[in-house]
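In what follows, a single structure is set out as structure tokens and then discussed.
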2 protein chains.
Amino acid sequence: MASVKDVARLAGVSVATVSRVLNDSAPVTERTRERVLAAVAELGYRPNAVARSLRTDATGTIGLVIGDILNPFFTELARAAEDEARQRGYSVVIGNADERADLQDHYVRTLLERRVDGLLLCPTAEITSLVRDLVDDGLPLVFLDRTLPGLDVPTVRADGTAAIGALVAHLKGLGHRRVAFISGPALLSTGRERTDAFMVEMARHGLAVRPEYLESGDFQAASGRAATARLLDLPEPPEAIFAGDNLMALGALDEIRARGLAIPGDVALASYDDVPWFTHLDPPITAIAQPVRELGRRAVAALADRIAGGPVEPVELRARLVVRRSCGEPEREEGSGR
Amino acid sequence: MASVKDVARLAGVSVATVSRVLNDSAPVTERTRERVLAAVAELGYRPNAVARSLRTDATGTIGLVIGDILNPFFTELARAAEDEARQRGYSVVIGNADERADLQDHYVRTLLERRVDGLLLCPTAEITSLVRDLVDDGLPLVFLDRTLPGLDVPTVRADGTAAIGALVAHLKGLGHRRVAFISGPALLSTGRERTDAFMVEMARHGLAVRPEYLESGDFQAASGRAATARLLDLPEPPEAIFAGDNLMALGALDEIRARGLAIPGDVALASYDDVPWFTHLDPPITAIAQPVRELGRRAVAALADRIAGGPVEPVELRARLVVRRSCGEPEREEGSGR
DNA sequence: TTGTACGCGTTATCAC
DNA sequence: GTGATAACGCGTACAA
């Protein structure tokens with residue numbers, strides 16, 4: 001493949017001049033500029049980003065390690081991040097941790113070796129020594145969606161407390177008293193926070209939470225289904241089930257359907273995380289929607305600031321309740337959806 | 001960040017020896033090996049993949065340019081490709097063309113500049129000059145899911161003809177005669193092939209296709225919804241609608257629901273492309289499933305072969321019909337799902 | 001078994 | 001305005 005040298009030779013100038021033309025880093029005669037450009041076109045020259053990166057110590061690349069690429073939440077997050085990154089001239093290299101610490105570390109390692117300019121990380125539960133090193137090394141780092149305790153890293157996330165409060169009020173208003181929650185992993189900040197908020201809000205609304213109504217899963221569909229089975233097998237099953245993420249809600253849905261139960265007639269269902277197809281279910285699912293696209297954009301913006309050496313504030317957006325019809329809402333109360 | 005030089009100095013050896021230890025490219029005394037490894041650990045040395053790539057002229061990276069990252073088909077495809085690539089020691093850089101030729105070219109260009117070892121491309125409709133150059137340049141290239149006519153590039157894809165035939169037979173068996181098809185863009189090979197197969201199979205089964213029953217969309221939900229609206233507004237609407245991809249099926253579903261029509265009572269619905277949540281709809285959607293994960297794996301395998309300099313055969317897998325309950329199937333005919 | 005020295009393709013610093 | 005050249009970090013031919 002043609003290099004600057006070839007271009008220089010063909011244009012009858014030095015490599016320095018070629019570089020100057022290509023990056024217009026210094027004034028060049030119109031005549032030579034044309035000659036260089038002509039040579040570039042003739043040779044089909046493509047600058048070698050690898051060599052440039054070695055020289056400039058910047059790759060124009062940011063890493064994004066997400067929890068699970070099959071989870072629509074992360075997919076949309078990735079897309080939003082990529083849009084914003086492209087606009088800022090960055091490329092994004094995505095790593096899929098598949099909710100496993102070892103896979104997360106694998107990707108972090110290769111991203112480091114590839115010398116990404118910064119890293120967006122949705123950390124898995126465990127705080128690995130590699131992640132700790134990252135912080136110490138001073139690599140521009142921003143946590144996305146999830147936090148790790150005791151690490152001084154800016155985090156971009158959405159707070160769901162208010163929305164969960166709104167949901168609890170909504171359920172109570174609809175006459176539900178026995179509300180169950182399927183929480184995510186307690187090791188994940190998102191898992192913990194949603195559970196805490198649920199407990200607090202239930203108490204605040206004077207609703208008791210029986211211990212057997214507090215199930216827990218791993219943010220995957222299968223665990224949501226299993227938890228729902230246990231709940232429905234209870235001598236006195238809950239009137240409403242609130243799943244801690246969209247995949248567990250899917251599992252819950254399956255189990256309810258498999259038993260031939262009706263939503264919301266036999267049991268109400270609500271989900272943390274909204275996904276496009278919730279609108280298309282019958283009934284449409286009442287859910288708590290995170291501002292996913294803005295999360296992705298703001299995360300990239302924050303990282304870009306850190307890379308530029310500026311100070312970075314943590315970002316905390318707010319999730320909101322989207323009322324649909326899976327909790328026994330009267331016919332025309334449908335929310336705005338998305 | 002520490003380099004081989006630093007490691008060499010600390011270990012009291014030459015850079016060559018450090019390199020030898022790290023790649024065990026040549027025998028080294030156990031004693032020096034230990035010293036080097038100790039130095040590596042102490043300095044927290046991470047090899048610089050950028051420099052290595054410049055030297056070896058290989059990045060250990062493959063590019064994957066997909067049509068639309070929000071389409072579950074491509075998401076799953078990407079994940080499968082990534083799994084296979086990781087097992088083979090490659091990293092995948094994903095570019096999202098968003099079904100736009102200019103965005104596709106943008107990503108192809110940056111991937112080229114980053115010197116990916118090979119490229120997996122789901123080409124958009126138009127055959128751009130950049131893509132033509134790619135072929136001429138001899139960059140290891142494999143088309144995935146879609147082909148471009150007149151280009152000598154191995155393609156990994158799934159043929160849907162048999163499955164479409166099975167679907168037509170299935171619909172006919174269920175008593176449907178007026179079957180409509182919402183095709184994808186005729187410029188896309190996948191769009192064309194599905195339409196052709198539909199026409200051929202309808203004829204083969206002695207079913208006429210009225211011109212007004214042949215709608216076309218752009219593989220996005222909105223177009224599927226609009227096409228469905230036109231179909232349902234017909235003086236004599238079709239008894240069954242077959243959508244050319246999962247997103248257009250989603251749009252069709254919306255329009256049908258919005259009109260308060262019942263599936264399959266008022267109109268039957270089937271989709272090309274199966275997605276996990278089709279199972280969870282009521283009724284579950286009868287669909288044609290592509291072997292998505294195997295497509296991804298085989299594509300990476302083929303590309304790896306090309307990179308290694310071996311000959312590469314095109315791969316053609318088969319899609320299959322998954323019978324569920326959206327076409328008026330009797331209660332217990334449900335297929336195996338996925 | 002180990003060390004020295006060159007070159008990969010760029011950009012940047014210095015002269016001219 | 002332009003050209004020669006050093007340097008980025010690494011792998012490797014060649015020498016020792």
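The sequence lines fix the lettering, A, B, ..., with proteins before strands; numbering per chain opens at 1. Small disclaimer: the values here were computed from a predicted structure and weren't measured.
For B:S14, taking side-chain heavy atoms from C-beta onward, the closest of the listed nucleotides C:dT4, C:dT10, D:dT12 is C:dT4. Out of D:dG11, C:dG3, C:dG9, the shortest distance to the side chain of A:L54 is found at C:dG9.
Rounding to whole angstrom units, CZ of residue B:R114 and P of C:dG9 are separated by 18 Å. Between the CG atom of B:L22 and the P atom of D:dC10 there is a distance of 9 Å, given to the nearest Å. If you take CZ of B:R52 and C1' of D:dC10, they are 8 Å apart, rounded to a whole angstrom. Rounded to a whole Å, the CZ atom of B:R9 is 16 Å from the C1' atom of C:dG3. The distance from atom CZ of B:R31 to atom P of C:dT1 is 15 Å, rounded to the nearest whole Å. Note: CD (A:E34) to P (D:dG1) measures 15 Å, nearest angstrom. Rounded to whole Å, the distance from CG on B:D6 to P on D:dC8 is 11 Å. Separating the CG atom of A:N48 from the C1' atom of D:dC8 is a distance of 13 Å, rounded to the nearest angstrom.
Taking the nucleotide of DNA chain C with the nearest heavy atom to each of A:S19 and B:A51, the more 5' of the two is matched to B:A51. Both A:P27 and A:A16 lie close to DNA chain D; mapped to their nearest nucleotides by heavy-atom distance, the more 5′-ward contact belongs to A:P27.
Residue A:T29 places at least one side-chain N or O closer than 4.0 Å to OP1 or OP2 of D:dT2. Side-chain N/O atoms of A:T17 include one lying less than 4.0 angstrom from OP1 or OP2 on D:dG3. For B:N23, a side-chain nitrogen or oxygen approaches OP1 or OP2 of D:dG11 to under 4.0 Å. When the side-chain nitrogen and oxygen atoms of A:K5 are compared with OP1 and OP2 of C:dC8, one or more of them lie within a distance under 4.0 Å.
Within the 4.5 Å cutoff, the side chain of A:F73 has no heavy atoms near those of the A:L247 side chain. Here the side chains of A:V36 and A:R20 are not in contact, with every heavy-atom distance at 4.5 Å or above.
For C:dG3, its base sits under 3.5 Å from the side chain of B:R20 at one donor and acceptor pair at least. One cannot find a donor-acceptor pair under 3.5 Å joining the base of C:dG9 and the side-chain atoms of A:R46.
Side-chain atoms of A:R114 and B:S91 include a donor-acceptor pair closer than 3.5 Å. Looking at B:R157 and B:S189, their side chains never bring a donor and an acceptor atom within 3.5 Å of each other.
At the heavy-atom level, A:D57 lies nowhere under 4.0 Å from the strands shown. Residue-level contact check: B:V28 touches the backbone only, with heavy atoms under 4.0 Å from sugar-phosphate atoms and none from bases. Using a 4.0 Å heavy-atom cutoff across all strands shown, A:T32 reaches sugar-phosphate atoms only and no base atom. As judged by a 4.0 angstrom heavy-atom cut-off over every strand, A:S3 is placed among residues touching the sugar-phosphate backbone only. At a threshold of 4.0 angstrom between heavy atoms, the contacts of A:V50 with the nucleic acid are absent.
Between B:R298 and B:D305 there is no salt bridge, since no side-chain nitrogen of the basic residue lies less than 4.0 Å from a carboxylate oxygen of the acidic one. The existence of a salt bridge linking A:D102 and A:R100 is confirmed by a sub-4.0 Å separation between a basic side-chain nitrogen and an acidic carboxylate oxygen.
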